[in-house]
Amino acid sequence: MGLFLDFNPFDNLLCILLGISFTVWFTLLLVFIIVPAIFGVSFGIRQLYMKTLLKIFEWATHRIERGAKDNNHLFVSDGNRDLDHASEFEMSDIFYFCRQGVESIMDDEVTKRFSAEELESWNLLTRSNYNFQHISLRLTVLWGLGVVIRYGFLLPLRVTLAFTGVGLLVVLTSIIGFLPNGRMKNFLSEQVHLMCYRICVRALTAIITYHDSENKPKNGGICVANHTSPIDVIILASDGCYAMVGQIHGGLMGVIQKSMVKACPHIWFERSEVKDRHLVAKRLSDHVEDKTKLPILIFPEGTCINNTSVMMFKKGSFEIGSTVYPVAIKYDPRFGDAFWNSSQFGMVNYLLRMMSSWAIVCSVWYLPPMTREEGEDAVQFANRVKAAIARQGGLVDLLWDGGLKRGKVKDTFKEEQQKLYSKMLVGTQEDRSRS
């Protein structure tokens, strides 16, 4: 009897409300996200969401500019400072020009590729504009409302979708791994990979525009793309199936890799095998010779660049002699910065930043297939493919090695500059002796 006497109606009501909330939450996920991801359809909600955000960003930026002029503030937009509205000269103003001068000396076309891209407008994610928090109370309220929406609604939704996509990928690929090799296993594996990657894409609210799909990579080929972020894999794999190449990891990533390779012949290397170029080349060659296997997905830069340029392609994947399918990926930083600065953020921190952004918006171009021409070596072929990707994506084509992100300049580069300087000295001395 004591149990019934201690019964609290409030607890019962709370349980009912939690049950209803969970049911509604799961139903919305199933109907509007998971089921459309399974069939590869979209209701257009993300596109409407993107257009709404653009209008809000434009209004916010315009409000900042107007407020800066009204309050006689110095407003910074796109890295430039508006000095027309300064009331009078102050001694502290010279510090700005001194800083600009030092930055002009230190800034080069390499190191700035390893930091976040500059924005022209405020995206309600960072307070990057000069003194904007003192200009308008409405802007501060809008920013606070954005924080509540992103962390209170979007982040929990996206984390739920991410765990759903990854969980389904691990479970379903493990089950498919028990099936005998054949067409049925390959078909089911491709459908499961596409479904799970599409769910993961929705976990980022990724809005992707694919161009020239007739040039999509085919079996027995190698797909090469510029590299900005680890999510490049998800962006491409949500539109087609690929054989992944990478190093074997431990932990959760290792579990995912082991389950994936059961259903599809991905190429994973041990840590000790990664530096063995001949072994890597042989594994890749054996894969592309089998025309029944999926195309290999490779990012030849070997590191993430901030999506403003394409840096040197490693020649290894271009020595195999297979057909290469170039792909250009260009992100729109206004909605969220997709660049992964691995020296500043860990993987978990980076993924949380992605999931707490407004959205990930990008365009993907499938370029016509390319093959190695007669008399062309692997380096020349790699540079030709890189130039095509840079041209299509509107990126700067650089010859520098992305390895400079973590290492020092190679001695060979220094020696080349020393040789050039020596030639200049010799030429100057010869001119003096003739005169």
Give me each pair satisfying side-chain hydrogen bond (donor to acceptor under 3.5 Å, both in side chains) with a member in residues 210-225, each pair once, sequence neighbours excluded.
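Pairs touching residues 210-225 that pass the test: Tyr210-Ser238.
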With side-chain hydrogen bond (donor to acceptor under 3.5 Å, both in side chains) as the rule and sequence neighbours excluded, what pairs involving residues 370-382 come up?
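Residue pairs passing side-chain hydrogen bond (donor to acceptor under 3.5 Å, both in side chains), neighbours aside: Glu376-Arg384.
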Are the side chains of [Y] and [X] in contact, using a 4.5 Å heavy-atom criterion?
X      : Y      : value
His287 : Ile296 : yes
Pro295 : Tyr325 : no
Val327 : Val364 : yes
Leu294 : Cys264 : yes
Phe313 : Ile389 : yes
Thr209 : Val361 : no
Phe335 : Leu53  : yes

For side chain to side chain contact (heavy atoms under 4.5 Å, CB included), just list the numbers for Thr308 and Leu395, CA-CA rounded to whole Å, side-chain angles, deciding distance to a tenth of an Å, and then say yes or no.
CA-CA 5 Å; Thr308 61; Leu395 307 170; 5.6 Å; no
Working to the nearest 0.5 Å, report the span between [atom1] of [X] and [atom2] of [Y].
X      : Y      : atom1 : atom2 : answer
Ile175 : Lys262 : CD1   : NZ    : 10.5 Å
Asn186 : Lys293 : CG    : NZ    : 10.5 Å
Lys330 : Ser363 : NZ    : OG    : 10.0 Å
Leu204 : Met354 : CG    : CE    : 8.0 Å
Tyr151 : Met355 : OH    : CE    : 13.0 Å
Phe339 : Thr228 : CZ    : OG1   : 8.5 Å

Tell me if the centroids of the rings in His266 and His193 come within less than 6.0 Å of each other.
yes
Check whether the side chains of Asn306 and Tyr331 place a donor and an acceptor atom closer than 3.5 Å, and report yes or no.
no
Answer with yes or no whether the side chains of Arg158 and Thr205 bring together a donor and an acceptor at under 3.5 Å.
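Present: a donor and an acceptor within the cut-off.
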Does a sphere of radius 6.0 Å around [atom1] in [X] hold more than 12 heavy atoms from other residues, nucleotides or ligands, not counting ones at 6.0 Å or beyond?
X      : atom1 : answer
Lys55  : NZ    : no
Lys185 : NZ    : yes
Met347 : CE    : yes

For the side chain of [X] and the backbone of [Y], is there at least one donor-acceptor N/O pair under 3.5 Å apart?
X      : Y      : result
Ser322 : Gly220 : yes
Glu301 : Met311 : yes
Asp332 : Cys362 : no

Are Lys386 and Asp397 close enough for a salt bridge, meaning some N to O gap below 4.0 Å?
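Counted as a salt bridge, because a side-chain N and a carboxylate O are separated by less than 4.0 Å.
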